[in-house]
Amino acid sequence: MERFRRLSRPFFAATTFACLLLALALSVWWLLTSRGPGSRFEPATTGLALVAAITGVYAERRAAARERRAQALYALADELVKNTELLTGEGFARLDPYAPKARVYPRLVQSATDAALVSGAFSAPGHVELIALLHRWRDAVHDFNRRLDLAELRTYVSQIPDEELLAIDNSMHRPGGQLDGVRELRAGVESLLRERYGGEPGVAARLRPLAPPADGA
């Protein structure tokens with residue numbers, strides 16, 4: 001029983017298709033070898049029922065895969081909107097150079113990205129670019145949040161001079177720095193979702209709160 005439980009879903013799917021195809025082949029053979037017009041109805045009916053079963057199983061699997069992919073895309077779009085609000089909000093504004101203060105930074109979220117990568121929703125061919133970009137985005141968010149932890153630890157554990165607070169802030173906001181890096185990757189994810197998956201009404205609606213690209217694409 002334990003060995004039976006370890007069998008994977010692809011094994012059961014393959015076994016189901018194999019049995020249905022074998023039964024269909026036997027029905028076709030039965031239809032070809034049966035004698036008399038009346039004796040052909042039963043194998044013909046059985047064959048049609050098996051064709052319907054095979055089609056139904058395949059259609060159900062395709063529909064389930066599309067639904068999983070749609071739900072993953074909706075979650076990614078919602079997460080993108082949330083991270084855009086965080087990256088453009090007051091939480092990452094420049095410190096006042098005349099009165100710098102230690103602060104707690106907002107953390108970027110990545111739960112939808114993690115779920116999309118582990119769910120297999122984009123395992124079908126045609127989604128390689130999205131998967132690669134999501135891996136880069138997840139790593140960047142993890143590293144960025146970790147650096148925020150270190151910055152807060154440095155500024156809150158002990159009293160540090162204003163010059164060091166401003167140095168930490170300038171390092172974060174410098175051209176090509178960590179903040180620029182995650183903003184650039186965020187823009188890349190948005191661009192790919194718009195261009196590759198924006199045709200789906202749910203995705204387009206969820207991306208609507210974001211400002212359109214500068215080129216109008």
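Side chains included, hydrogens not; waters and symmetry mates left out as well; all remaining heavy atoms used.
Between Arg186 and Leu210, some side-chain heavy-atom pair lies under the 4.5 Å cut-off. Between Leu76 and Trp137 there is no side-chain heavy-atom pair separated by less than 4.5 Å. Between Glu79 and Thr113 the shortest side-chain heavy-atom distance falls below 4.5 Å. Counting only heavy atoms from C-beta outward, the side chains of Leu95 and Lys101 never approach each other to under 4.5 Å. Counting heavy atoms from C-beta outward, Arg138 and Val141 have side chains that stay 4.5 Å or more apart. Inter-residue side-chain proximity for Leu179 and Phe144 is flagged as met; some heavy-atom pair is nearer than 4.5 Å. Residues Arg94 and His173 are in side-chain contact: their nearest non-hydrogen atoms beyond the backbone lie under 4.5 Å apart.
Taking each heavy atom of Pro106 and Phe92 in turn, the nearest pair found is O-CZ, 3.4 Å. The two residues Asp180 and Pro175 make their nearest non-hydrogen contact at OD2-CA, 3.4 Å. Considering all non-hydrogen atoms of both residues, Gly198 and Ala204 come closest at O-CB, 3.5 Å. Nearest heavy atom pair, residue Tyr156 against residue Val104, reads OH-N, 3.6 Å. Closest non-hydrogen pair, Leu165 versus Pro100, comes out as CD1-O, 3.9 Å.
Side-chain heavy atoms closer than 4.5 Å link hydrophobic residues (I, L, V, M, F, W, Y) into clusters, and following such links, even through other members, never connects Ile168 to Val182. A single hydrophobic cluster is not seen to contain both Leu87 and Val109; linkage of ILVMFWY side chains at heavy-atom distances under 4.5 Å, directly or through other members, places them apart.
Note that CG of Leu130 is 5.5 Å distant from CG of Leu192, once rounded to the nearest 0.5 Å. Between the CD atom of Gln71 and the CD atom of Glu67 there is a distance of 4.5 Å, given to the nearest 0.5 Å. Taking CG of Leu73 as the reference point, atom CD of Glu200 lies at 5.5 Å (rounded to 0.5 Å). Put simply, CG on Leu134 and CG on Leu185 are 10.5 Å apart, with the number rounded to the nearest 0.5 Å. Separation of atoms CG (Leu148) and CG (Leu153) is listed at 12.5 Å; rounding is to 0.5 Å. Taking CD of Gln178 as the start and CE of Met172 as the end, the distance is 8.5 Å to the nearest 0.5 Å.
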task = Begin with the C-alpha distance, continue with both residues' side-chain angles, and end with the deciding distance and a verdict on side chain to side chain contact (heavy atoms under 4.5 Å, CB included) for Leu133 and Arg136.
result = CA-CA 5 Å; Leu133 186 57; Arg136 292 175 56 201; 4.0 Å; yes
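For the pair Asp162 (side chain) and Ala99 (backbone), a donor-acceptor distance under 3.5 Å is absent. One N or O on the side chain of Thr84 and one on the backbone of Leu80 form a donor-acceptor pair closer than 3.5 Å. In this structure, the side chain of Arg206 does not engage the main chain of Val81 through any donor-acceptor pair within 3.5 Å.
Ion pairing between Arg107 and Asp149 holds under the 4.0 Å rule for side-chain N and carboxylate O. Taking 4.0 Å as the cut-off between side-chain N and carboxylate O, Asp143 and Arg147 count as a salt-bridged pair.
Heavy atoms of other residues, nucleotides or ligands lying less than 6.0 angstrom from NE2 of His142 number 12 at most. Within a 6.0 Å radius of CD in Glu164, more than 12 heavy atoms belonging to other residues, nucleotides or ligands are found.
In this structure, His127 and Tyr197 have parallel ring planes: the angle between them is below the 30° cut-off, well short of the 60° mark.
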